[in-house]
Number of protein chains: 2
Amino acid sequence: MKTTTAALPPSGDPGSGSPDDTALTSALTASRALLGVIARSLAPVMDTVTLPQFRVLVVLSNFGPLRMGDLAQHVGANQSSFSRFADRMVAGGLIARSASPGSRREVIISLTAEGARVYAEVTGARKKEIALVLEKLSDAELDAVRAGFEVFARAAGEPSADETLILGI
Amino acid sequence: MKTTTAALPPSGDPGSGSPDDTALTSALTASRALLGVIARSLAPVMDTVTLPQFRVLVVLSNFGPLRMGDLAQHVGANQSSFSRFADRMVAGGLIARSASPGSRREVIISLTAEGARVYAEVTGARKKEIALVLEKLSDAELDAVRAGFEVFARAAGEPSADETLILGI
DNA sequence: TGCAATATATGTACTATGACAAGTATGAAG
DNA sequence: CTTCATACTTGTCATAGTACATATATTGCA
């Protein structure tokens with residue numbers, strides 16, 4: 001029997017770690033801060049492109065023109081669905097279909113100038129947002145940020161393209 | 001005339017900043033790393049809830065039970081649309097409708113245990129992912145990360161709830 | 001009581017996404 | 001040239017999200 005489950009109290013952060021992992025706490029807080037940055041940078045284009053569509057822009061920006069099927073695979077889409085999905089993006093002026101030089105049955109998808117602009121708008125905004133934060137800092141603080149972030153990024157490694165695509169960023 | 005715009009070459013990061021802003025570069029790299037973390041933490045639940053639905057879980061986790069209309073406002077949804085949106089989440093066992101003690105026309109939405117579990121799964125995974133990165137580090141490196149992230153988070157400030165909701169995180 | 005305001009639910013309609021099957025055009029192998 | 005595989009397109013259908021207008025229930029106030 002599936003009775004309506006009872007209400008639960010709010011919980012900002014579930015479970016506080018051991019008292020000595022201040023680095024974990026700091027990392028979580030910083031991750032929220034960076035999320036804010038990312039979200040703000042993405043917001044302005046969200047009425048031009050949907051998140052799944054932005055995924056495509058990311059892939060094409062990083063890999064260059066791709067065959068339709070390969071592109072579908074990269075974003076984890078069904079190939080047959082993807083054709084009409086591409087139609088919408090073509091209609092939106094974000095991508096372009098072109099014939100493959102090698103084979104007439106292949107269709108190459110590439111960014112249009114507009115598609116590239118949308119992508120650049122987001123990454124540019126992200127950069128600007130972060131710069132805005134950093135310019136509040138003293139030289140010593142900047143150095144601390146640089147050192148800490150470098151260490152973390154090195155340890156975390158670059159996320160695979162497919163991983164970040166989950167969010168479409 | 002809007003002819004099909006030509007293909008553009010790939011561009012990983014558009015525009016490199018001035019040579020001295022290594023902190024900016026580090027921050028951008030770290031932001032990508034954290035994005036990977038966030039994306040990985042979100043991936044497992046993406047077949048249980050959609051991103052808009054996860055937004056609701058986030059809001060309810062942070063604010064506790066809310067009236068339907070207030071909840072709709074928090075996630076930026078049209079009130080009349082939201083009723084059926086809530087239907088789906090109720091059907092999915094993620095939230096529950098209950099009568100307001102004060103007024104019989106008000107409907108209070110609260111997380112079910114399952115809804116709270118899904119939210120906790122994501123935040124828990126995020127925490128675990130970050131811990132996994134940090135445990136590779138030496139004490140000195142941990143200290144650098146803690147210091148750098150603390151400075152950055154303080155300068156960036158907590159993102160507003162509405163801001164992070166853009167991404168549904 | 002009666003009326004206006006409030007809170008939610010429903011009718012209707014549209015777009016985006018996405019799955020599956022079937023069709024069409026092209027290329028490659030024999 | 002026939003046949004099979006490849007690459008994309010199209011038909012069909014189902015679901016999610018969202019909007020606008022309208023209906024229903026409830027409350028508060030005159």
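In what follows, every chain begins at residue 1, and chains take the letters A, B, ... in the order their sequences are listed.
When rounded to the nearest whole Å, the span between CG of A/N78 and C1' of D/dC13 equals 14 Å. Counting to the nearest Å, the P atom of C/dC20 and the CD atom of A/Q79 are 14 Å from each other. Atom CD of A/E106 is separated from atom C1' of D/dT6 by 9 Å (rounded to the nearest Å). Going from atom CD1 of A/I109 over to atom P of D/dT9 covers 7 Å, rounded to whole Å. As rounded to whole Å, 11 Å separates atom P of C/dA7 from atom CD1 of B/I108. One can place CE of A/M46 at 14 Å from P of C/dA16, the figure rounded to the nearest angstrom. In this structure, B/L51 atom CG and C/dG18 atom P are separated by 12 Å, rounded to whole Å.
Each of A/R88 and B/D87 was assigned the nucleotide of DNA chain C with the nearest heavy atom; the assignment lying further toward the 5' end belongs to B/D87.
Closest to the A/P52 side chain, of the nucleotides C/dA9, C/dT17, D/dC8, is C/dT17.
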Give the C-alpha distance, both sets of side-chain angles, the deciding distance and a yes or no for side chain to side chain contact (heavy atoms under 4.5 Å, CB included) between A/L51 and A/L42. CA-CA 9 Å; A/L51 226 43; A/L42 211 43; 4.0 Å; yes
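Here A/T50 lies in heavy-atom contact (under 4.0 Å) with sugar-phosphate atoms only. Residue A/F85 is classed as a sugar-phosphate contact, given heavy-atom separations below 4.0 Å to backbone atoms only. A/S103 comes within contact range of the sugar-phosphate backbone alone, with a heavy-atom separation under 4.0 Å but no base atom that close.
One finds a salt bridge joining A/R146 and A/E150 here, because a Lys/Arg side-chain nitrogen approaches an Asp/Glu carboxylate oxygen to under 4.0 Å. Under the 4.0 Å criterion applied to side-chain N and carboxylate O atoms, A/E114 and A/R117 are assigned as salt-bridge partners. Salt bridge A/D70/A/R67: present, at least one basic N to carboxylate O contact under 4.0 Å.
For A/Q53 and C/dT17, the shortest distance from a side-chain N or O to OP1 or OP2 is below 4.0 Å. Using a 4.0 Å cut-off, some side-chain N or O of B/R67 falls inside it from OP1 or OP2 of C/dA7.
A donor-acceptor contact under 3.5 Å links the side chain of A/S81 to the base of C/dA19. With hydrogens and angles ignored, a donor-acceptor pair closer than 3.5 Å exists between the side chain of A/S80 and the base of C/dC20. For B/R84 against C/dT12, a side-chain-to-base donor-acceptor contact under 3.5 Å is present. Put simply, the side chain of B/R105 and the base of C/dT6 share a donor and an acceptor less than 3.5 Å apart.
Taken to the nearest 0.5 Å, the CZ atom of A/R40 stands 9.0 Å off from the CG atom of A/L132.
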